[in-house]
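Notes to accompany the following structure.
Since the structure is predicted, the reported quantities are computational estimates derived from the model, not experimental observations. Chain A is the first sequence line, chain B the second, and so forth, proteins listed ahead of strands; every chain is numbered from 1.
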Amino acid sequence: MTNRVRFAPSPTGYLHIGAARTALFNWLFARKTGGKFLLRIEDTDLQRSTDESTRSIIEGLEWLELDYDEDLVFQSANAPKHRAAAERLLAEGKAYRDFTPKEQRSDTSVKEDISERARAQQAEGVDQRSNPFRNLSKEESDARAAAGEPFAVRLKVPESGQTRFDDIVYGPQERSYSEIEDLVLLRSDSHPLYNLSVVIDDIEMGITHVIRGQDHLTNTHKQVLIYEALGAPVPRLAHLPLILAPNKGKLSKRKHGEVVSLTTYRDRGFVPAAFRNFLALLGWAPPEGKEILSKEELIEYFSLEGIGRANAIFNFTENDPRRWTDDKALWVNSEYIRTMPIEELLPMVKAELRANKLWREEYDDDDREWFAKTVDLIRQRYFTLKDFSGQGRAYFSDDFDFDETAVNKNLRKEPRLRELLKGLADKLETVEPFNTETAEAALRAYAEETGVKAGLLINGSRTMLTGQSVGPSMFEIFDVLGKEASVERLRSGIPWS
RNA sequence: GUCCCGUUCGUCUAGCGGCCUAGGACACCGCCCUUUCACGGCGGCGACACGGGUUCGAUUCCCGUACGGGACGCCA
């Protein structure tokens with residue numbers, strides 16, 4: 001039997017990195033075992049679901065290159081099936097009508113309300129299954145329903161016994177029936193609820209392995225109960241440890257902002273493969289300890305058994321521009337930028353330059369070679385794609401800023417440099433051909449002639465040509481910028497004013 | 001409140017009774033390389049939450065405590 005797994009997000013916001021990791025693990029498992037990876041949008045909460053969110057989820061998966069098989073499923077489209085299943089359980093006596101009027105809950109304080117209620121019931125010793133309508137006679141129930149009285153449909157959780165399942169990650173799980181309340185299957189407006197919908201859809205889609213966040217672990221018992229009532233086999237279950245904020249709390253948009261949104265990583269210059277690689281390392285460790293893994297290697301090494309049980313902390317520092325996200329994520333990204341095949345990097349740099357109006361069509365044409373060479377030269381010290389338009393601006397435009405610190409350190413500190421560099425410009429102007437070697441020879445000869453250290457001219461030139469104090473070898477910069485631009489920039493008065 | 005889950009360097013983790021003087025990666029620090037900054041190389045700092053068992057021997061197994069997380073809805 002081929003494995004079938006699904007990623008089933010609810011479209012109530014951007015794609016959270018925790019959800020993205022769940023998607024990744026499902027996808028890896030499917031690709032590893034030759035199974036199918038399906039996508040289901042759980043849009044049954046029409047109040048909060050948006051098309052925009054659905055689009056962002058699909059875009060996010062595309063960005064991470066997690067392709068899904070078969071048609072996208074919208075859970076809302078299956079509502080009639082969910083309802084029919086509930087009717088069936090009702091008819092079979094495995095569920096019952098609850099005529100208790102619906103309680104109103106303010107959406108903001110639900111969590112507190114729920115635990116409050118649970119606490120109170122606990123203290124009073126109320127049984128979870130003591131609903132007064134649980135044992136209402138069929139006749140009376142039918143009569144009241146026929147009379148138009150509103151009712152919710154609840155699953156009749158058996159009197160005594162327990163549910164059990166073997167979680168692939170967390171091991172054997174047991175829960176006594178007495179701890180599970182008669183859960184609502186159908187709302188009084190006949191709207192099917194989550195636990196019912198997931199089970200029906202998973203059955204319908206032939207899901208063999210449910211891989212999802214650990215926050216669903218205890219609720220899984222309820223779903224097992226539904227599978228059993230329906231007489232359907234329970235799929236294999238694997239729950240994933242959660243990704244927490246640095247304070248060990250929940251990672252949420254409200255509290256932590258854009259750092260938890262997948263699109264942020266795309267917008268801030270992450271290479272998709274790099275972020276995917278990083279995500280895979282959160283809660284899972286490859287054998288051999290090799291951490292930079294291609295898509296193929298990830299698939300080859302992945303296994304559900306290799307997933308850890310402890311929650312992982314996503315380590316970032318709020319309000320620190322350099323540490324805006326996890327250090328290791330940044331490192332993985334720089335590793336990719338630095339070592340990935342240049343042909344794969346070029347289109348990404350192109351998009352980045354284009355977005356910043358630094359792109360020229362010649363880079364794709366006559367200057368293709370120059371462009372590749374330049375990108376290859378500067379990528380060594382970059383962390384994100386953004387750096388190509390930021391720190392790298394001087395390589396693609398004559399309009400760039402001078403870093404104050406660099407100007408003070410490499411130029412103003414030695415006032416003679418203003419004239420010395422003009423002299424160097426005159427000298428370089430005569431160099432033919434102009435390349436790394438000849439530029440170096442000319443500069444060193446000029447240093448000798450004028451009796452100054454080559455380093456003084458090198459550092460001064462770097463700042464004149466790039467506005468910075470750091471960067472590639474000066475002679476490589478001369479070569480890449482060419483004689484004309486190099487000479488012109490050396491003669492510039494801008495940094496001196 | 002009840003139930004469930006977890007706890008190895010600051011962070012991600014390896015470890016599935018002796019190979020552990022607890023390994024790797026990121027971060028941090030130092031040295032080398034380099035007339036810049038990175039990369040790279042070498043080295044340093046740095047952890048088995050605590051207490052009981054079991055065992056010839058516990059990071060590894062069991063129990064308890066502490067701490068953290070999750071769940072408990074006519075949300076998903």
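B:C29 sits 12 Å from B:G46 when the C1' atoms are compared, rounded to a whole Å. A gap of 24 Å separates the P atoms of B:C63 and B:G70, to the nearest Å. Straight-line distance between the P atoms of B:U11 and B:G18: roughly 27 Å, to the nearest whole Å. Between B:U59 and B:C9, the two P atoms lie 15 Å apart (nearest whole Å). Rounded to the nearest Å, the gap between the C1' atom of B:C67 and that of B:C50 is 10 Å. Remark: the separation of the C1' atoms in B:G17 and B:U55 is 9 Å, to the nearest Å. Between the P atoms of B:G24 and B:G41, the separation comes to 14 Å (whole Å). B:G68 and B:U8: their P atoms are spaced 15 Å apart (whole Å).
In this structure, A:A454 reaches the bases: a heavy-atom distance under 4.0 Å links it to at least one base atom across the strands shown. At a threshold of 4.0 angstrom between heavy atoms, the contacts of A:H239 with the nucleic acid are absent. Using a 4.0 Å heavy-atom cutoff across all strands shown, A:N311 reaches sugar-phosphate atoms only and no base atom. At the heavy-atom level, A:G308 lies nowhere under 4.0 Å from the strands shown. Counting any heavy atom pair closer than 4.0 Å across all strands shown, A:K453 reaches no nucleic acid atom. Among the heavy atoms of the strands lying under 4.0 Å from A:Q173 are primed sugar atoms or P, OP1, OP2 only; no base atom is included. Here A:S469 lies in heavy-atom contact (under 4.0 Å) with a base. Among the heavy atoms of the strands lying under 4.0 Å from A:K111 is at least one base atom, whether or not backbone atoms are also near. Residue contacts shown for A:T100 include a base, since a base heavy atom lies under 4.0 Å away. Nucleic acid contact class of A:P101 (heavy atoms, under 4.0 Å, all strands): base. Among the heavy atoms of the strands lying under 4.0 Å from A:A310 are primed sugar atoms or P, OP1, OP2 only; no base atom is included. Within the 4.0 angstrom heavy-atom criterion, base atoms lie near A:S473. Using a 4.0 Å heavy-atom distance criterion, A:R322 is classed as a sugar-phosphate-only contact. Using a 4.0 Å heavy-atom distance criterion, A:R309 is classed as a sugar-phosphate-only contact.
Comparing A:D43 and A:G249 along RNA chain B, the residue whose closest nucleotide (by nearest heavy atom) sits nearer the 5' end is A:G249. Mapped onto RNA chain B by nearest heavy atom, A:R119 and A:W284 fall at different nucleotides, with A:R119 at the one closer to the 5' end.
Nucleotide B:G1: paired with B:C72 (Watson-Crick or G-U wobble, both distances less than 3.5 Å). Searching all strands for a Watson-Crick or G-U wobble partner of B:A47 with both distances below 3.5 Å returns nothing. Under the Watson-Crick and G-U wobble criteria, each requiring two contacts below 3.5 Å, nucleotide B:U11 is paired to B:A25. When Watson-Crick and G-U wobble pairs are counted only if both distances are under 3.5 Å, B:G6 pairs with B:C67. Across all strands shown, the partner of B:C42 is B:G30, judged by Watson-Crick or G-U wobble contacts whose two distances both fall under 3.5 Å. Both distances falling under 3.5 Å, in either a Watson-Crick or a G-U wobble arrangement, occur for no nucleotide opposite B:G17. Applying the Watson-Crick and G-U wobble criteria (two distances, each under 3.5 Å), B:C61 pairs with B:G53.
Using a cut-off of 4.0 Å between Lys/Arg side-chain N and Asp/Glu carboxylate O, A:R322 and A:D320 are scored as not salt-bridged. A:E87 has no carboxylate O lying under 4.0 Å from a charged side-chain N of A:R83, or vice versa, which leaves the two without a salt bridge. The pair A:D376-A:K373 fails the salt-bridge criterion, with no side-chain N (NZ, NE, NH1 or NH2) lying under 4.0 Å from an Asp/Glu carboxylate O. Of the charged side-chain nitrogens involved, at least one lies within less than 4.0 Å of a carboxylate oxygen, so that A:D202 and A:R40 count as a salt-bridged pair.
Heavy-atom contacts from other residues, nucleotides or ligands closer than 6.0 Å to CG of A:D401 number 12 or fewer. For A:K290, the NZ atom sits in a packed shell: over 12 heavy atoms of surrounding residues, nucleotides or ligands are nearer than 6.0 Å.
A 4.0 Å heavy-atom criterion places the boundary nucleotides of RNA chain B facing chain A at B:G1 to B:A76, written 5' to 3'.
Ring centers of A:W324 and A:F314: at least 6.0 Å apart, outside the cut-off. Checked against the 6.0 Å centroid threshold, A:H221 and A:Y177 do not count as a close aromatic pair.
In this structure, A:F25 and A:F302 have tilted ring planes: the angle between them lies in the 30° to 60° band.
A side-chain donor-acceptor contact under 3.5 Å links A:S334 and A:R338.
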